[in-house]
Amino acid sequence: MNKTSEQALQVLQSVFGYQSFRSSQQAIIDTLLAGGDALVLMPTGGGKSLCFQIPALLREGVGIVVSPLIALMQDQVVALQQLGVKAAALNSSMDVTQARQIEAQLLAGEIDLLYVAPERLMSSGFQDLLRQIRIALFAIDEAHCVSQWGHDFRPEYIQLSALHEQFPEIPRVALTATADEPTRKEIVQRLGLEQAQQFISGFDRPNIRYRVAANSSSTRQQLLRFIKLDYPDQAGIVYCLSRRRVDETAAWLQQQDIKALPYHAGLSKQERAANQERFLREDGVVMVATIAFGMGIDKPDVRYVVHLNLPKSLEAYYQETGRAGRDGEPAEALLFYGLQDVVTLRQFVVNSDADEAHKRIESQKLERMLGYCELTTCRRQALLAYFSDPMDEPCGNCDTCLNPPETWDATVAAQKALSCVYRTGQRFGVTYLVDVLLGKLNERIQSFGHDQISTFGVGDELNATQWKGLYRQLIAQGLLQVDQQGHGGLRLSETCRAILKGEQSLFLRKEQKAERKAAKKRKSSFAGAKGELWEALRKKRLELAEEQGVPPYVIFHDSTLLSMMEYHPENRQQMARISGIGERKLESYAEAFLQVLAEHPAGTTKASQQSDTVAESIELFRSGLNIEEIARQRELKATTIYSHLADGIEKDKIALNDVVELDEKEISRIQDMLLDLGEGQRLKPVFDALDGRVDYGVLRCIHASLE
Ligand code: ADP
Ligand code: ZN
């Protein structure tokens, strides 16, 4: 029978519960159904799995999926079983009896999708087995592992070239998220995919918001606010450079009542496995980790990735941030970086065992990473350009797009900073240089006689933090270099001559704090009745997941729960229309979730919606945001927020003094004036009497305190 596109769509809807295909999925599936080969390059979260899962279900026989990581295999198998698909995995973690059992099922034609490790697939015993069964297709996942130049080379993958010779008539599809042009060519050549149709989707991850902030003494507090306010009870990853910083950060977050766990190579194998398991199985775990964590983590609902240190290249940054938002829902990548990172990473490069050519490449990559941090234009455009995937317009979803940075004329300050480096002999680090500029009379400076040089004490216009920021930017721009020995001493580069001579001016970006702007569109933290429903749905999901020993997202993704909240289905029929609910899941879970929904009737009345929005503002205010910040985050006017807070004051949920920054006397004077107003009179007379000095919003709050 000729398998048509319609059948594929039907499987998408009935098994997976999705309405329509994404971009190239349909074309890839059609190619495989027609018996052709395909090479698929799609970013993480693009939806690669469906491309081989659906044809495997539609073609006769079993789909064989080659995958390098046991954890990934297990995840996919569990997820497929939840959909009612007959899936299994064969790998080294199982004993002989288990393996035999699966082989028997294979021979009996009881399996639709089989995940295997490459070395097992190519073993002669398994090849014999394969010759006795019908094979629907071969899918080679993480195909870049075949490339010796790639970052994940696995020798076992090389043998996969023989597949084509052994089974020339079986369609093959190779899939990857990370192949650049040379790697792609190598995949084609090594796997004999010259005839394969190529589907290249570009690198953009539009749902990830990119942000970069300068490291400062308040970084921890900023991190805390970010986690608590923007992503409460959501899963996230916080990357640090050192194990010590991982341990400290995790411990500190725990003290702040955040479910944070550490992960690095210094922990025992058991500890690492246990923490990873909790990250996957529980809701809202924050993993604080070195880059040892992340490979093979397929968790779809990681809402953010924070870097507390600079990654060593844009490739690493893209890969690490790419672990956020695989489910396509809004996610965020927040990077904090500072001068010390630059020095430390330079030291790594200099002290590594690599040859000179390699070191040069590494340090160029670091330069590009630094350049990215100091951008005043769209970050996504720069990131994609780096991967030769140009984007015509600024993205509108990165910090520079959302909040264009101001620049300032730093020429004179830079001249001072540079000449201070020169006059002190090009061997001191930033802290010392800043002390000289600010005219600190300490023993060290005096012993070198640097209190006598012309740049001593000429730096009043900036404070120490600002000077440090300036030095960081000068290094990032390549105007200064960190010494080869790695002590952090600075030297002038050839390029700074023009600035020192005043032939060229220098504009730099003004330092910004991490601008808090939570991801838009669908939010996943709610207040009031909505919040209760959200929590109840998540609780139900966790309960069902624990019963079966699977991660919660395998039951339903967040996006599916969010749709339930949005559409509030009341019966099975309505439930079936929710994206992510196929026939099997409807069967298994509709009842349980319909009950939860029935216990939380839809808040369609105006009154309950109103009380939700008021509650949300009050909650944000209590958590430490000021009115402007709340307004920005909620995309409402400040006056609206004031009226919400007035409501909270009236109901004694918040104190007037916390909202209004006037002294007691002034407040009681205004209270008297307001009391003099007649019943039902507007605030205007008071506003006018105060010559408009006090905002209507403030007046409303003071008025509320009288009720
Ligand atoms: P990748 O392997 O490319 O990283 P996945 O195959 O894991 O991505 O898919 C990412 C997410 O997108 C999964 O949650 C998947 O269920 C979802 N998805 C894939 N295709 C569709 C579609 N056509 N409609 C809705 N959701 C989809
Ligand atoms: Zn942008």
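When a ligand or atom number is given, it counts from 1 through the structure's own listing order. Every heavy atom of this structure was used, including side-chain atoms; hydrogens, water molecules and symmetry mates were not. In this chain, numbering begins with 1 at the start of the sequence shown.
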Between [X] and [Y], is there a donor-acceptor pair closer than 3.5 Å when you use the side chain of the first and the backbone of the second?
| X | Y | value |
| --- | --- | --- |
| E332 | V305 | no |
| K259 | M287 | no |
| T560 | F556 | no |

Heavy atom of the protein closest to [atom] (residue, atom name, distance):
| atom | value |
| --- | --- |
| atom 9 (O) of ligand 1 | G47 CA, 3.4 Å |
| atom 3 (O) of ligand 1 | K48 NZ, 2.8 Å |
| atom 15 (C) of ligand 1 | Y18 OH, 3.7 Å |
| atom 11 (C) of ligand 1 | R326 O, 3.6 Å |
| atom 4 (O) of ligand 1 | G45 N, 2.6 Å |
| atom 17 (C) of ligand 1 | R22 NH2, 3.6 Å |

Heavy-atom gap G46 to ligand 1 smaller than 4.0 Å: yes

For G328, state whether at least one heavy atom is located under 4.0 Å from any atom of ligand 1. no

Could you tell me which atoms of ligand 1, counted from 1 in the order shown, lie closer than 4.0 angstrom to a heavy atom of [X]?
| X | value |
| --- | --- |
| F21 | 23 (N) |
| P43 | 3 (O) |
| H557 | 13 (C), 14 (O) |
| S20 | 22 (C), 23 (N), 24 (N) |

Looking only at distances, can you tell me whether any N or O atom of [X], backbone or side chain, sits closer than 3.5 Å to an N or O atom of ligand 1?
| X | answer |
| --- | --- |
| L50 | no |
| T44 | no |
| M42 | no |

Which angle, to 10 degrees, forms at the Zn ion (ligand 2) with SG of C395 on one side and SG of C398 on the other? 110°

Sidechain N-carboxylate O distance under 4.0 Å for [X], [Y]:
| X | Y | value |
| --- | --- | --- |
| R541 | D558 | yes |
| E546 | R281 | no |
| E629 | R632 | no |
| R303 | D327 | yes |
| R509 | E406 | no |

Proximity of Q25 to ligand 1 by residue part, where a heavy atom lies under 4.0 Å: side chain

Students often mix this up, so state it plainly: with edges at 30° and 60°, are the rings of F293 and F279 parallel, tilted or perpendicular? perpendicular

Residues Q222 and S216: closest non-hydrogen pair is NE2-OG, 3.9 Å

Could you tell me if the side chain of I237 sits less than 4.5 Å from the side chain of Y304, heavy atoms only? no

May I ask which of G17, S49, G325 has a heavy atom nearer to atom 6 (O) of ligand 1 than the others do? S49

